[in-house]
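Notes for the one structure printed next.
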Amino acid sequence: MKNIDKELVEWAVKKIQTKYKEDVSLLVGQIGGGKIPTDEQNMVFDFFVPITDRGNQLACTFIIEDMGYDLYPISWERLERIANIEEPRMIFAFAKGEVIYAKSQEEKRRFDNLKSKMLLKLQEKSFQMPKSLEFLETAQEIFQTMLFDQSLCHTRKAAGGVCCYLMNAIAIVNGAYLESGYMNLTKELHKMKDYPCEFEETFMEMLAENEIDAVKEKVYELISLTRNFLMRLMPVEDKKDFEPNYEDLVMWYQEMRYTFRRLSYYTGINSAEDSYLLGCYLQIEFDAIQEDFHLRKMDLLSAFDQDHLSEFGKRAEEIEEYIIKVIAESSARSNRYSTFEEFARDNE
């Protein structure tokens, strides 16, 4: 078919100027605009920015011969979210977008400033890792739901979503974005200065799978590869300059002392359920304080055996003794009393 990109851009600009001049701030396009390689890569309209409810009426989808077109609205508020890297699939449309029409120079500057803000944000080291971990977490959440899918169609759909978030996580930590959006994912990898070397191979293996469980297994591998990659890049804090406040550890232990006592009781009466649940609660707490107070790894739950709860109770006692020893060596003041009278005397 005859290429009509130029005519369509002119049509859109004219329609704004004649019917929506007070309702639309910008018309934004990009070269190529998601076209397949065999089509001409000209400037095409992509989205517009309405400033009134009436401006949304400019939105339209249509087909001319065998080509489909979509002129859709994006509010200034949504552009702000995209600039804050809250919508990874839209980053490329914003980054590659060019203003075709602007109601005023002020509105064009606003768009350009937002784009510059986004590109600068991608270079901030303090931003990159937290945002990458956020995308990784989203991928893991999709995977958790995907585990229950019994449809190959839905499993593959979820797998695609996981891969897009993983690739965005890899791109962001490299200070980059996926220039093709959700296309050409593995090709985009090679533009990164650092990436999980086995990601591409595992991704291609996933594409070859035709069984639900096999697809899930490959997606799990992709998540693990990305997770390990990010953990390797995560900066290690200089702990020499970080002195824990052991008074806080004392307060934590005083709060947890009764939980240790409860666990001792329930392991003593061979209550597997309550022992396990209390153990989970304590393990969460152990993991939370480990880094804050430079403590060794405190592994309680691997000792759980419902048929031998005494060993589980013993492991909890060993961990408690270790924490007491750390507190004693820190010289932090502990509010521990032998009798109520002693407590009352000190707390009149």
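Basis for what follows: all heavy atoms, side chains included, without hydrogens, waters or symmetry-related copies.
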Inset, instruction - Could you tell me whether the side chain of Lys193 and the main chain of Gly175 form a donor-acceptor pair under 3.5 Å? - result: no
Which residues pass the side-chain contact (heavy atoms from CB on, under 4.5 Å) test with [X], sequence neighbours left out?
X: Thr61; result: Asp70
X: Asn228; result: none
X: Glu247; result: Asn245, Ala332, Arg333
X: Ser116; result: none

Please determine whether the number of non-hydrogen atoms from other residues, nucleotides or ligands lying under 6.0 Å from atom [atom1] of [X] exceeds 12.
X: Asp307; atom1: CG; result: yes
X: Arg261; atom1: CZ; result: no
X: Glu106; atom1: CD; result: no
X: Lys191; atom1: NZ; result: yes

Legend entry - Considering all heavy atoms, the nearest Met206-Val219 contact: SD-CG2, 3.6 Å
All ring-ring contact (aromatic ring centres under 6.0 Å, His included) counterparts of [X], not counting sequence neighbours:
X: Tyr177; result: none
X: Phe199; result: none
X: Tyr276; result: Phe304

Legend entry - Under the side-chain hydrogen bond (donor to acceptor under 3.5 Å, both in side chains) test, residues paired with Ser271 that sit two or more places apart: Asp274
Inset, instruction - Please identify each residue that fulfils side-chain hydrogen bond (donor to acceptor under 3.5 Å, both in side chains) with Arg262, with sequence neighbours left out. - result: none
Legend entry - CG on Leu230 to CE on Met129, rounded to 0.5 Å: 5.5 Å
Inset, instruction - Please round to the nearest 0.5 Å and tell me the distance separating atom CG of Asp305 and atom OG of Ser275. - result: 11.5 Å
Determine all donor-acceptor pairs shorter than 3.5 Å in which one atom belongs to a side chain in residues 282-290; sequence neighbours excluded.
unit_1	atom_1	unit_2	atom_2	d
Gln283	OE1	Leu300	N	2.8
Gln283	OE1	Leu301	N	3.2
Gln283	NE2	Asp287	OD1	3.1
Gln283	NE2	Met298	O	2.8
Glu285	OE1	Trp252	NE1	2.8

Inset, instruction - Please list all pairs passing the side-chain hydrogen bond (donor to acceptor under 3.5 Å, both in side chains) test where one or both residues lie in residues 213-226, with sequence neighbours left out. - result: Glu205-Lys218
Legend entry - Summary of side-chain hydrogen bond (donor to acceptor under 3.5 Å, both in side chains) pairs that have at least one residue in residues 147-163, sequence neighbours excluded: Arg156-Asn210
Legend entry - same_hphob_cluster(Met231, Leu225) at 4.5 Å side-chain heavy-atom cutoff: no
Legend entry - Residue among Phe94, Tyr101, Trp76, Phe48 satisfying ring pair (Phe, Tyr, Trp, His ring centres under 6.0 Å) with Phe111: Phe94
Legend entry - Contact check, side chains of Met67 and Ile4, non-hydrogen atoms, under 4.5 Å: no
